[in-house]
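In the text below, chain A, chain B and the rest are named by the order of the sequence lines, each starting its count at 1.
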Protein chains: 2
Amino acid sequence: MVKGKLSERQRRMLDFIEKFSNDSGYPPSIREIGKAVGISSTSVVNYNLNRLVDEGYLDRDQNVSRGIRLTEKLLKSVGKLSDVIRIRKVGRIFASEPVPLPSTDSPIFGADEAIEITRDLLSTTDGLFALEVKGDSMIDAMVNDGDVVVMKLAPDWHNGDMVAVWLKDKEETTLKHIYREGAKVRLQPANPTMGPIIIDDPENLEVQGKVVLVVRQLN
Amino acid sequence: MVKGKLSERQRRMLDFIEKFSNDSGYPPSIREIGKAVGISSTSVVNYNLNRLVDEGYLDRDQNVSRGIRLTEKLLKSVGKLSDVIRIRKVGRIFASEPVPLPSTDSPIFGADEAIEITRDLLSTTDGLFALEVKGDSMIDAMVNDGDVVVMKLAPDWHNGDMVAVWLKDKEETTLKHIYREGAKVRLQPANPTMGPIIIDDPENLEVQGKVVLVVRQLN
DNA sequence: ATTCTAACGGAACATACGTTCTATGTCAAG
DNA sequence: CTTGACATAGAACGTATGTTCCGTTAGAAT
């Protein structure tokens, strides 16, 4: 083998080991690797595993069942697993109340209530907070009851941002894409079949944050 | 034992299993657990492991060495950040095509795109694949152009599951909550203001997978 | 053509490993 | 005091598991 270049068989072995370990919670045995990759001899699997150790993709512990460990080099080469960011849930978002903004007070949820999101999914990690949507009132924002929205404060919002807006006269929170149009503000539903709301007096609304991510879990 | 309350021995076992798994990259064997916790009999370790499974802290695979998996409940109780699960993106979901299903072949290593999701957000980690939504045709499913849907194959779907259905006569994919009603099938949009589709002949549809998570990134 | 190295493959082996069985002990409930 | 459920413990067993040995093959280098 050319040093630094993996054979096709070795690459298939790594791929299998990485997937198997993720799916099962434990590494595969020599025989499981052989079966998956089409190698009938445990000594050939053993030989190739040792080559992968030499190349730095795996560690092995001797005389131990499933004694295979993925190395950082391997994880990087499959596309480094993303860091996890922990975002506090500060409460729920209702149509009839302003967004509960993060503060130093005890949040509605327990102090430890949080959602964990991979870093790749987030455009920023500064000043994020999460809210759980209650009710059907956000459906024009394509956001369901039970969805989690990750937001950040938006002192400087831009046209097209999806924001949580508190409409003072209606005493209502809504999620909309916001656009400044002259002296007015246009609130555009995410659902393309719905029409916008034009706010003649921007003093009537309060932009409480902008949405950076929506997560919907289904069972 | 009082249900829901762990004995001291069981708590020490969990603590050891979690630490050992982190340090070594693989779970401990029955005998390693026994040695660490001071239990000389493999059947006592086995008995207590089964109690921990009953309480939801562990999963076990039968007749497999180191066939112990930490559950989400355990990881939460030790306050540990969620694992990251890498889910292959197998393509895009269009209204006018069937869902591109994951191939049984091993992919060329590193070739596919993937999305990384924290384990907490997922009800299962088996057999997941991800698709990016193209077009506005899924808006009745509350799913936007550009959203990522995480799915799994659904040989046994249940009433209420959100599934990707290929409608043969219309040559169209749609995402709907599915219900079996006698000999017919009801496809219910996620948007509560929209009416259902009744499928008189279930042979006309093909359930291609069920949705377990929707992720929407906004910039 | 020959030699050398890498890779392969089957077989054997010893130990690791999880499961099962049987017996005993503890303690709460009646 | 008795009973039953839970927990313990040792032993046995069959299978899983990794390592080692020996021989073969393929291809590059000479």
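- Comparing the local axis fitted to the first five base pairs of the helix from C/dA1-D/dT30 to C/dG30-D/dC1 with the one fitted to its last five gives a bend of 20°, rounded to 10°.
- No donor-acceptor pair under 3.5 Å is formed between the side chain of B/Arg186 and the backbone N or O of B/Pro196.
- The side chain of A/Ser41 lies closest to C/dG10 when the candidates are C/dG10, C/dC8, D/dC6.
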Can you give one letter per nucleotide of nucleotides 17-24 of chain C, going 5' to 3': B for a protein heavy atom under 4.0 Å from the base, S for sugar-phosphate only, - for none? BBBBB---
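- In the set D/dT8, D/dA9, C/dC8, D/dT8 carries the atom at the smallest distance from any side-chain atom of B/Asn48.
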Only pairs under 3.5 Å count here: list side-chain donor-acceptor contacts from residues 150-163 of chain B, not counting sequence neighbours, and write none if there are none.
residue: B/Asn159; atom: OD1; partner: B/Arg180; partner atom: N; Å: 2.7
residue: B/Asp161; atom: OD2; partner: B/His158; partner atom: N; Å: 2.8
residue: B/Asp161; atom: OD2; partner: B/Lys210; partner atom: NZ; Å: 3.4

Does the side chain to side chain contact (heavy atoms under 4.5 Å, CB included) test come out yes or no for A/Ser123 and B/Gln217, once each step is laid out? CA-CA 8 Å; A/Ser123 51; B/Gln217 291 168 278; over 6 Å; no
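- Residues satisfying the side-chain hydrogen bond (donor to acceptor under 3.5 Å, both in side chains) test with B/Arg12, not counting sequence neighbours, are none.
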Contact list (N/O, under 3.5 angstrom) for nucleotides 25-29 of chain C vs protein:
none

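- For the pair A/Arg51 and C/dT5, the criterion of a side-chain N or O lying under 4.0 Å from OP1 or OP2 is not met.
- Ionic pairing of A/Lys19 and A/Asp15 is present here: one or more N-O contacts between side-chain nitrogen and carboxylate oxygen are shorter than 4.0 angstrom.
- Rounded to whole Å, the distance from CD1 on A/Ile39 to C1' on C/dC8 is 9 Å.
- The salt bridge (charged side-chain N to carboxylate O under 4.0 Å, His left out) pairs that include a residue from residues 27-37 of chain A are A/Glu32-A/Arg66, where partners are two or more places apart or lie in different chains.
- Side chains of B/Glu18 and B/Leu70 form a contact here, defined as non-hydrogen atoms less than 4.5 Å apart.
- Side chains of B/Asn191 and B/Asp140: no donor on one and acceptor on the other come within 3.5 Å.
- In summary, the side chains of B/Arg51 and B/Asn46 do not present any donor paired with an acceptor at a separation below 3.5 Å, with no hydrogens or angles considered.
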